[in-house]
Structure formats: C-alpha cells, structure tokens
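In the text below, chain A, chain B and the rest are named by the order of the sequence lines, each starting its count at 1. Since the structure is predicted, the reported quantities are computational estimates derived from the model, not experimental observations.
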Number of protein chains: 2
Amino acid sequence: MGRPLATSTAPESAVSRKPLRRDPHLAQPKRLDAGAAVFEEGQITDRFFLLLDGFIRAIRVTPDGEQIIALHIQSGQLFGIAPALGHSHYPATAIAAADCVVLSWAASHWHDFVHEYDGFGPETSNTVGRRVSEMKERIVEMATQQVEQRVANAVLHLIHQSGRKTDQGIEIAFLITRQDLFEMTGTTLHTVSRVLSAWERLDHVKSERRKIVVTDPHKLVVISSAQAHR
Amino acid sequence: MGRPLATSTAPESAVSRKPLRRDPHLAQPKRLDAGAAVFEEGQITDRFFLLLDGFIRAIRVTPDGEQIIALHIQSGQLFGIAPALGHSHYPATAIAAADCVVLSWAASHWHDFVHEYDGFGPETSNTVGRRVSEMKERIVEMATQQVEQRVANAVLHLIHQSGRKTDQGIEIAFLITRQDLFEMTGTTLHTVSRVLSAWERLDHVKSERRKIVVTDPHKLVVISSAQAHR
DNA sequence: GGCTGGGTTTGATCTGGCGCAAGGATCGCA
DNA sequence: TGCGATCCTTGCGCCAGATCAAACCCAGCC
C-alpha cells in the first residue's frame with residue numbers, strides 16, 4: 001500500500017508453468033463456501049494450498065478475542081506455506097472471503113515440489129517477498145497514518161486485488177462489511193462507518209449494505225497519501 | 001512479542017554447519033561503526049549479508065521523512081536477503097546499531113549457496129519465517145495495543161535480543177535513545193519519555209542517558225500483556 | 001569557563017477517534 | 001407480514017496521547 005499502486009505491480013504470475021494440477025502427488029481440489037475456514041491458527045501445518053479461485057483472508061486473533069485481518073490472498077497464489085517457513089503450526093487462520101476453490105497437498109510433498117518444478121522455489125520466494133513487503137507497509141501505515149488514511153489504503157488495496165469495473169465505478173468483488181474494514185485498519189466499526197459516510201457525501205464512494213463501490217479512486221489515493229500535515 | 005518470550009524460542013542456530021567463512025566465494029568481511037549504513041532503501045540488491053557480530057536495525061522512511069524501525073537483526077543472522085525474495089531493490093535501510101562485523105557475498109552467489117550447503121535453504125526459510133511472524137505480531141500490536149503496552153513490548157523485545165545481565169538488572173547491550181524507542185512503537189518522543197519516567201518511579205526500570213536497565217522484567221511482561229480493559 | 005548541540009524531562013493544552021447509546025435499514029424466515 | 005438477526009448510522013462525552021513550549025542535563029570543544 002502506501003503507494004498502493006506500486007505494491008502489486010509485480011506480476012501475479014501463475015505459480016508454475018508445469019501442470020501442477022495433474023501432479024502425481026494427487027492434489028485434493030476442494031470447494032469452499034464463503035466464510036468457511038481452510039485452516040485455523042495453531043493447527044499443525046500438515047498441508048499447503050493453492051488458491052485456484054476466490055478470495056482468502058488470513059486472520060489473527062488477539063489474546064482477548066479481537067480479530068485482525070493480516071492479509072488477503074488472491075487466486076493463483078500459494079498460501080498456508082507455513083510448513084515451508086519452518087513453522088510447525090499455522091500462525092493465522094485462513095477464511096474464505098468468497099466462494100473458493102483450493103488445491104492442497106501434504107506438507108511432506110513440499111520438498112519434492114521444490115526439486116521437481118524449477119519455478120517453484122523462486123516463485124515461493126517471490127510470494128513470500130511480496131507478502132513481507134506488504135506487511136512492512138502495513139506496519140509503517142499503522143505507525144504513522146491517521147485513521148482515514150488507513151481506511152483509504154485498505155479500500156484501495158481491496159479494489160486493487162479484486163476490483164471490478166462497473167458503470168458506477170469500481171466495485172469490490174466480494175461482500176465486505178464495515179467490520180472487515182475495521183479489522184483491517186485497527187479501528188472501530190463506528191469510525192469506519194463515519195469515514196465512509198463522509199466519503200459518500202463527497203461522492204468518493206457509494207456504499208450499500210455489504211458492498212462498496214468506489215466512484216473516484218483518485219480522491220482516495222490523494223487522501224491515503226496525504227502528508228500527516230506538517 | 002505478544003507473548004514476547006515465545007517469539008525467539010526458536011533456536012538462533014548458526015546459519016550453516018559448513019564453514020561459510022572459508023568459502024570459495026570469497027566473502028568480504030567488514031567492520032562497521034555504530035550508525036553506519038550497510039545498505040540503503042531503494043539500492044539495487046547486489047549483495048546479501050551475514051551479521052557476525054553486533055546489531056543491525058532495519059529502517060523504513062515514510063514519504064514525509066519519518067523513520068520507523070521495522071526490525072532488529074542479531075548476530076548470526078542473514079540479512080539483506082531481499083535478492084533471494086525476488087526484490088530488485090532493498091525494501092529498507094540497514095543501519096548498524098552497534099559496532100558490527102558483517103560478511104557479504106554478491107547476490108549472484110545465492111543460488112550456489114543454496115545448492116552447495118544443504119542447510120542453507122531451510123535456514124533461510126526459517127529466518128524469513130521468524131521475521132514474518134515477528135512482523136505479524138507487530139501489526140496486531142499496533143492495531144490493538146495501548147502505547148504503554150507497545151513500549152513495554154519493544155523493551156522486552158530488545159532485552160530479549162541483546163539483554164545482558166548486570167547486578168542492577170538486565171541492560172540493553174547497545175546505546176538506545178528514546179528516539180529509537182518511539183520509532184519502534186509509532187508514538188512520540190515525549191510519550192515514550194513519560195512512560196519511562198513513570199516506570200522508573202515504580203522501579204520497573206532504571207534509565208540513564210542513552211541506556212536502559214530493566215530491573216523488573218516481569219512487571220513489563222504484565223504490562224505488555226494486559227487486556228485492553230474489557 | 002562559556003557555548004553549542006544532542007538527548008531528555010515535564011507541564012499545559014488541544015483533539016482525533018473511541019466508547020456508549022439509541023435508532024434505522026435490510027434481510028431471512030416462519 | 002411480522003419478528004428477530006444483522007448490519008449500518010449518528011450524536012455526544014470523554015480521554016489517551018499528540019502537539020506545543022520551555023527548560024534542563026551532560027559532553028565535548030573552543
């Protein structure tokens with residue numbers, strides 16, 4: 001984010017050129033309804049996943065039960081690759097934000113994959129690298145930006161990952177509640193609501209229940225990148 | 001962090017059992033005075049590094065010139081491994097927080113290393129994995145915790161990474177200014193100062209100019225993990 | 001000794017945005 | 001078509017923490 005347009009400039013390349021799907025290691029394809037969990041925080045990392053279609057949210061829960069959304073995963077991406085990073089337990093919960101189709105393999109196959117498919121190792125590194133920089137951006141934002149800017153960033157991030165052009169503007173492709181937004185930005189439901197109302201009055205966005213359409217992305221960019229007044 | 005004692009439970013194993021130092025790829029050992037930069041944000045990623053001794057700080061600068069400290073690197077760790085994560089430019093600046101000794105290799109050797117030393121790939125993954133979870137913790141903290149808790153966490157983190165027992169208590173092994181602390185926690189100098197003064201009155205810490213000694217780590221743990229009142 | 005400059009403390013004041021509370025809109029279901 | 005469950009909006013009061021302002025302390029250094 002930050003300059004959100006830059007973050008995902010990197011090509012969202014398919015994970016591998018080779019036919020992962022027709023793999024000897026027998027991937028298990030699976031459909032998931034929106035809201036279903038793929039795996040939960042703390043479970044042992046026995047499988048890793050590839051998101052074929054849909055949208056996944058990685059969620060962490062604080063000791064006192066509050067949720068915060070750590071990151072979003074788009075189709076075509078590997079996820080749940082904690083086993084490859086030396087974690088014995090998933091560090092976050094993965095929830096389907098929309099209806100999803102995922103492939104998964106036993107963690108024990110990771111090693112084979114890396115050796116068998118040349119692009120696999122590097123591609124993984126890239127995925128991880130991308131997420132790392134995403135997270136760094138998040139940290140900087142949290143540390144320095146005002147709430148309104150953070151919300152603007154979050155929204156831009158979303159339309160960037162799953163925006164769909166309509167005649168109204170760009171809409172976010174899946175159901176998004178105010179709650180999701182405040183979990184992404186570390187604020188409260190109320191504040192998010194106020195911010196969105198304000199934007200709606202200024203014609204930056206249009207929002208209905210569980211849906212947000214950005215009519216003027218540029219305005220949001222301006223808001224998100226405004227200096228913290230000085 | 002969070003439960004800061006858990007984060008670095010993972011053994012800070014040496015990078016490889018094999019003699020990296022006497023490597024054919026001719027590492028360049030280098031001394032660095034505290035305050036010197038190893039590499040800067042935005043430079044092309046032509047080398048990667050191993051910290052033999054000392055302490056490194058990874059810093060990011062926001063568009064309006066504010067610095068925030070993204071993470072600390074302890075001796076024995078690889079850093080500047082952005083090239084291996086598919087970044088063509090370093091995403092942060094690395095500053096020596098104390099006098100340091102680093103080895104470095106041209107990025108082009110990365111591939112060789114992975115193939116030549118069996119432990120190298122996995123070790124890298126672990127390093128990255130550890131940092132990723134560190135960063136996730138940071139995000140959660142930033143989103144949910146009070147300033148005092150964040151400062152407590154930061155201090156605990158520091159004594160954990162470079163604590164040195166003295167008769168006074170545990171002291172942080174390198175010079176640390178209030179400024180460093182507020183850059184780590186995303187607050188202001190003034191607030192950090194107030195918090196530390198308060199702690200000093202309560203005998204949790206003793207602090208002199210550019211030095212902090214924690215007399216009662218447990219108290220800080222309690223503070224850092226206190227529920228956000230509910 | 002006086003002076004400069006980085007680091008720190010402390011008080012006074014201001015304000016963003018959180019908590020609380022109440023109410024409205026929309027949906028699904030009986 | 002009526003009822004409960006979700007989801008969203010808005011007004012108000014308040015407080016943590018930012019900002020402003022003024023010194024102080026210590027270390028070098030001329």
Under 3.5 Å, is there a donor-acceptor pair between the side chain of [X] and the main chain of [Y]?
X	Y	value
Asp216(B)	Lys219(B)	yes
Arg47(B)	Ala107(B)	no
Arg150(A)	Gln145(A)	yes

Are there any protein N/O atoms within less than 3.5 Å of an N/O atom in nucleotides 3-7 of chain D, and if so, which ones and at what distance?
from	atom 1	to	atom 2	distance (Å)
dT6(D)	O2	Arg209(A)	NH2	3.3
dC7(D)	O4'	Arg209(A)	NH1	3.4

Remember a base hit wins even if backbone is also touched, and classify Leu196(A) as base, sugar-phosphate or nothing at under 4.0 Å, heavy atoms. nothing

Hits for side-chain hydrogen bond (donor to acceptor under 3.5 Å, both in side chains) against Lys211(B), two or more places apart or cross-chain, chain-then-number order -> none

In whole Å, I'd like the distance from the [atom1] atom of [X] to the [atom2] atom of [N].
X	N	atom1	atom2	answer
Leu175(A)	dG28(C)	CG	P	11 Å
Phe182(B)	dT19(D)	CZ	P	10 Å
Leu189(B)	dA21(D)	CG	P	16 Å

Would you please confirm or rule out a distance under 4.0 Å between OP1 or OP2 of dT8(C) and any side-chain N or O of Ser197(B)? no

Any side-chain heavy atom of Leu220(B) within less than 4.5 Å of one from Val214(B)? yes

Hey, is the side chain of His190(B) pairing donor to acceptor with the base of dT10(C) inside 3.5 Å?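 Yes, a donor-acceptor pair under 3.5 Å.
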
Between Glu137(A) and Arg60(B), does any side-chain N to carboxylate O distance fall below 4.0 Å? yes

Does the ring center of Phe49(A) lie less than 6.0 Å from the ring center of Phe39(A)?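 Yes.
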
Atom pairs, N/O to N/O, protein against nucleotides 12-18 of chain C, distance under 3.5 Å?
from	atom 1	to	atom 2	distance (Å)
dG17(C)	OP1	Val147(A)	N	3.0
dC18(C)	OP2	Thr188(A)	N	3.3
dC18(C)	OP2	Thr188(A)	OG1	3.1
dC18(C)	OP2	Thr191(A)	OG1	2.6

Arg57(B) and Thr93(B): side-chain donor and acceptor closer than 3.5 Å? no

